[in-house]
Structure formats: structure tokens, C-alpha cells
Amino acid sequence: MAFGASRRELRRRCDELIETLPIRPGFEVTAFLEELSAQRKTPLALWRMNATGATPSGMLVTTEAMDYLFVVRGTPWAHVLHILAHELGHLLLGHKCSRTVHASGDRRQPWEEVEAEEFAYRFAARVRLVERRHRMRGSCREVLAAFGSRNHGYQYGV
């Protein structure tokens, strides 16, 4: 997808990819990565790395046997989740990292970074939506039980 491609098309593409991911209530990174590894039939591991002056906050390394997501040690957990989603965006959107460094010091094209950021934000929104729907279902069941409802199979619109 070129840098000038439609934002709407990018959102649609990200949403379609995210829809296929094993995002469950009680989202937990290790379980998610294990399920995603099984789904992709390629192991995927999250590793911490030590920072140096030029170290990015996150990095994706793909090999034929396994894929690695690296995050700088000591990064706050909320940022780790964003970095994880950003690097997954690169992986799932099919971005290839160049072995040559551009004048900016970056190895990726600017549009790939835009796509990965869009993916990360949409991924986080989906995780929040799944959690919110799960909490709502529990709350609705509690209310129905409190009022004596016997029809607990109703889906409450979620």
C-alpha cells in the first residue's frame, strides 16, 4: 500500500486482520502470543532487550523458524502493549525490513510506520471492546438474576 493510499482502506485492512486474531476476554500477552503462534504455525516470542543510545523501543526480527518481538527492558507495561501491537502490525501487514538504513536512521519506509501505528491503535481498541463486552455480559446476567429472570441465554445485543 502506497503512502498516499486511502486511510479508509487501511482501516478496513487492519480491522479484517484484527478480526482473525485470538483476542479473548481477560487479554493476557503470553496466552495471546501462544494462540497466535499456533494460528500462524510459526512460533512468536516476546523478549526484553537492553537499550543503547540508538536502540528503538521495539523491534521485530523474523526468521524461517521463529519470529521475535523485542521491547526495551524497563518500558512501562502500557507502552509494551502498544509496541507489541505496532510490531505485530509490521508482521501481519507483511512489511519487510530493509537491510539498509535510510538517511533518517530508520530501516522502514514512512508509510509502513503509519500502517503499523494504525494497526496498533485499532488492535488496542479491539482488546478494550472485547473486555468491555465481557464485563457488560456479566453485569447484565447479575441484573437479570437479581430480578428473577430465567432466560439467561439472551445475548444482550453484544
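None of the values given here were measured: they were computed from a predicted structure.
Following chains of ILVMFWY side-chain contacts shorter than 4.5 Å, one can reach Trp77 starting from Val127, so the two form part of one hydrophobic cluster. Criterion: ILVMFWY side-chain heavy atoms under 4.5 Å apart, direct or through other members. Under it, Leu44 and Leu17 are part of a common hydrophobic cluster. Under the 4.5 Å side-chain heavy-atom criterion for grouping Ile, Leu, Val, Met, Phe, Trp and Tyr, Leu81 is connected to Ile18 within one hydrophobic cluster. Taken together through direct or relayed side-chain contacts under 4.5 Å among Ile, Leu, Val, Met, Phe, Trp and Tyr, Leu69 and Met59 form parts of separate hydrophobic clusters. Hydrophobic clustering (side-chain heavy atoms under 4.5 Å, transitive across Ile, Leu, Val, Met, Phe, Trp, Tyr) keeps Tyr121 apart from Ile23.
Side-chain contact between Phe123 and Leu92: absent, with no pair of heavy atoms (C-beta onward) separated by less than 4.5 Å. Residues Arg40 and Leu91 are in side-chain contact: their nearest non-hydrogen atoms beyond the backbone lie under 4.5 Å apart. In this structure the side chain of Val71 never reaches within 4.5 angstrom of the side chain of Leu84, judged on heavy atoms. Taking the side chain as every heavy atom from C-beta outward, Leu60 and His86 never approach each other to under 4.5 Å. Here the side chains of Leu88 and Leu36 are in contact, with some heavy-atom distance below 4.5 Å. Side-chain contact between Val29 and Val80 is absent, with no heavy atoms from C-beta onward closer than 4.5 Å. Between Arg13 and Arg8 there is no side-chain heavy-atom pair separated by less than 4.5 Å.
A donor-acceptor contact shorter than 3.5 Å is absent between the side chain of Thr42 and the backbone of Met66. A distance-only check finds a donor-acceptor pair linking the side chain of Gln39 to the backbone of Thr20 [under 3.5 Å]. Panel note: side chain Glu131, backbone Gly26; a donor-acceptor pair is recorded below 3.5 Å.
Using the six-membered ring where Trp is involved, Phe32 and Phe27 have ring planes that are tilted, between 30° and 60° apart. Ring geometry for Tyr68 against Trp47 counts as perpendicular: the plane angle is over 60°, on a 0 to 90° scale with 30° as the lower cut.
For the atom pair Glu35 CD and Glu28 CD, the distance stands at 10.5 Å (nearest 0.5 Å). We find the CD-OG1 distance between Glu34 and Thr30 to be 6.5 Å, quoted to the nearest 0.5 Å. Of the inter-residue distances, the one linking Arg73 atom CZ with Thr55 atom OG1 reads 12.0 Å to the nearest 0.5 angstrom. Remark: Met49 CE to Thr52 OG1 distance equals 8.5 Å, nearest 0.5 Å. Rounding to the nearest 0.5 angstrom, the gap separating the CG atom in Asp15 from the CG atom in Leu10 is 9.0 Å.
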Is there a side-chain contact (heavy atoms from CB on, under 4.5 Å) between His82 and Thr75? Walk through the geometry before answering.
CA-CA 11 Å; His82 181 80; Thr75 301; over 6 Å; no

Begin with the C-alpha distance, continue with both residues' side-chain angles, and end with the deciding distance and a verdict on salt bridge (Lys or Arg N to Asp or Glu O under 4.0 Å) for Arg122 and Glu118.
CA-CA 6 Å; Arg122 299 186 85 72; Glu118 184 69 33; 3.4 Å; yes

Under the side-chain contact (heavy atoms from CB on, under 4.5 Å) rule, what do Arg24 and His134 come out as? Steps first, then yes or no, please.
CA-CA 9 Å; Arg24 314 253 184 271; His134 180 69; over 6 Å; no

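Counting heavy-atom neighbours within 6.0 Å of Glu16 CD, excluding the residue itself, gives a total above 12.
Exactly one residue among Glu112, Glu87, Glu115 makes a side-chain hydrogen bond (donor to acceptor under 3.5 Å, both in side chains) with His95. That residue is Glu115.
Counting all heavy atoms, side chain and backbone alike, Gly74 lies closest to Arg48 at N-NH1, 3.8 Å.
A distance of 6.0 Å or more separates the ring centres of His90 and Phe119.
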